[in-house]
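Quick notes on the structure that follows.
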There are 2 protein chains.
Amino acid sequence: MAYHHGNLRPALVEAATALLDERGPLGVTLRGAARRAGVSQTAPYRHFPDKGALLAAVAEGGFQRLGTAMTRAARAHPADPLRALEAMAIALVRFAARHGAHYRLMCGPAVRGRDHPGLRRAAVAAWELLTTTVTDCQRAGQIRPGDAAGLAFVLWSLVHGLSTLLVDEQLPPVVRQAWGPGELAKHATEVLLQGVAARAPRTAPAPLSPRRRRRPARRPRT
Amino acid sequence: MAYHHGNLRPALVEAATALLDERGPLGVTLRGAARRAGVSQTAPYRHFPDKGALLAAVAEGGFQRLGTAMTRAARAHPADPLRALEAMAIALVRFAARHGAHYRLMCGPAVRGRDHPGLRRAAVAAWELLTTTVTDCQRAGQIRPGDAAGLAFVLWSLVHGLSTLLVDEQLPPVVRQAWGPGELAKHATEVLLQGVAARAPRTAPAPLSPRRRRRPARRPRT
DNA sequence: ACCTGAACACCGTTCAAGT
DNA sequence: ACCTGAACACCGTTCAAGT
């Protein structure tokens, strides 16, 4: 116990992170973190103005770890930004699946980025890894040209939504039991790349016949 | 005050819903809902085993309202399931943007579906509206054939992710200020339909020249 | 059958002290 | 400068009563 000597702040962040991993979001408590750091229940107020500031520090650490994982995944494909993009998407979803409570804290309402510039910077940096790579893909001719932000937020929504569905266990069992987080992310990314609209196969020349005519459709159940 | 006569349960659900809308997730309290319903602080335990059960009832109501909104949106396009799908996606994102705290509760960790079958049924019903319409689109030749669940969960992830990014105000300002929720949903759905990969224009015949060669790509920043 | 009142353990936060 | 201890208002939940 080398605390009480000026390193209490990181000790509190570490304690809160451990509580988050072990007991979930409801288990993170200012008093509990203080207890775990071996310090009185009011000592945290010397280092954080309130509980939200401590949570923001925890979330900031999560974004840094996420950024590291995404960067490492991208490094495996230095000459192929599309593969790098896919690897980063997979890394993000796997991170979320592995650190569910942490991911929820990072993206949830408990922390408001406007009040914590360090957190906001870490979050922006992580997301810019994605958008930058989208631009790289456009430069390389692997993603169709156009407003990069307009495409990047779609990819971002996709991987973030998949992550939260995984964390909150809301995917239907048939999907969840068939594939792991990485496989789901890979599949989702590929679907987004190819699109879901009916069309001729990509690599073949366009057919000479007109596109299939629409049949009358069943209405969704009411 | 016609309570104390057997309709306390719906009154508590209504009170908790109002607290959720007015004060956000942290403002929802068992004691507060009881106060608002004009009843003692322990009276809710006659109708709900714990706070989670009350929250589940609130979330269930949200899924019912969401399902109604999606169904109504789809009804405007009875003969065109692809347009119906788009309309439902827009309705979902708009619902989430308008009832942020409610949507977060519905999809968040506060309520675990396994413990509340009514909630789980309502959630499944809402999501099945989407997946059913995906199948309708495949039957109509508007969405490429293949595993419907594998395509539906991608669409689901997309609209859910966009909704949560909107609710948590995590979209970059350049995106958030340029478009409203409905426009973002419409754009995202169209991007998913068309795909983001570089390719020849859909309606024109395939070009005779080979696809553009990849240039060496810049690495994402480390 | 339905509701109340007192009580317990816990929490975030403040304030007056301690060294 | 950094930490402690007592205190306040609030919460979820339990239990013995009340009608």
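Numbers restart at 1 for each chain; the letters A, B, ... are given by sequence-line order, proteins then strands.
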Qualifying ring pair (Phe, Tyr, Trp, His ring centres under 6.0 Å) pairs, either residue in residues 8-32 of chain A, two or more places apart: none
Anything under 3.5 Å between a protein N or O and an N or O of nucleotides 12-15 of chain C, put it in a table, one pair a line.
from   : atom 1 : to    : atom 2 : distance (Å)
C:dG12 : OP1    : A:T29 : OG1    : 3.3
C:dG12 : OP1    : A:L30 : N      : 3.0
C:dG12 : OP1    : A:K51 : NZ     : 3.2
C:dG12 : OP2    : A:L30 : N      : 3.2
C:dG12 : OP2    : A:R31 : N      : 3.2
C:dG12 : N7     : A:R31 : NH1    : 2.4
C:dG12 : O6     : A:R31 : NH1    : 2.9
C:dT13 : OP2    : A:Y45 : OH     : 3.1
C:dT13 : OP2    : A:K51 : N      : 3.0
C:dT13 : O5'    : A:Y45 : OH     : 3.2
C:dT13 : O4     : A:R31 : NH1    : 3.4

Check: B:D136/B:Q142 side-chain N/O donor and acceptor closer than 3.5 Å: no
Inter-residue atom distance B:R83.CZ - B:T133.OG1, 0.5 Å rounding: 14.5 Å
Using side-chain contact (heavy atoms from CB on, under 4.5 Å) as the criterion, list what pairs up with B:T42, not counting sequence neighbours. B:S40
B:A59: what forms a side-chain contact (heavy atoms from CB on, under 4.5 Å) with it, not counting sequence neighbours? B:L105, B:M106, B:V111, B:L119
How many whole angstroms separate atom NE2 of B:H47 from atom P of C:dA1? 13 Å
Between C1' of C:dT4 and CG of B:L8, the distance in whole Å: 13 Å
Looking at side-chain heavy atoms only, is the closest gap between A:H187 and A:E183 below 4.5 Å? no
Can you tell if the side chain of A:E86 reaches within under 4.5 Å of the side chain of A:L82, non-hydrogen atoms only? no
Under 4.0 Å, counting only non-hydrogen atoms across every strand here, what does A:R35 touch: a base, just sugar-phosphate, or nothing? sugar-phosphate
Given C:dC3, D:dT4, D:dC3, which nucleotide is nearest the side-chain atoms of B:V39? C:dC3
Treat a base pair as Watson-Crick or G-U wobble with both distances under 3.5 Å, then lay out DNA chain D in dot-bracket form, 5' to 3', with | for cross-strand pairs. ||.|||||...|||||.||
B:T164: side-chain hydrogen bond (donor to acceptor under 3.5 Å, both in side chains) partners, not counting sequence neighbours: A:H160
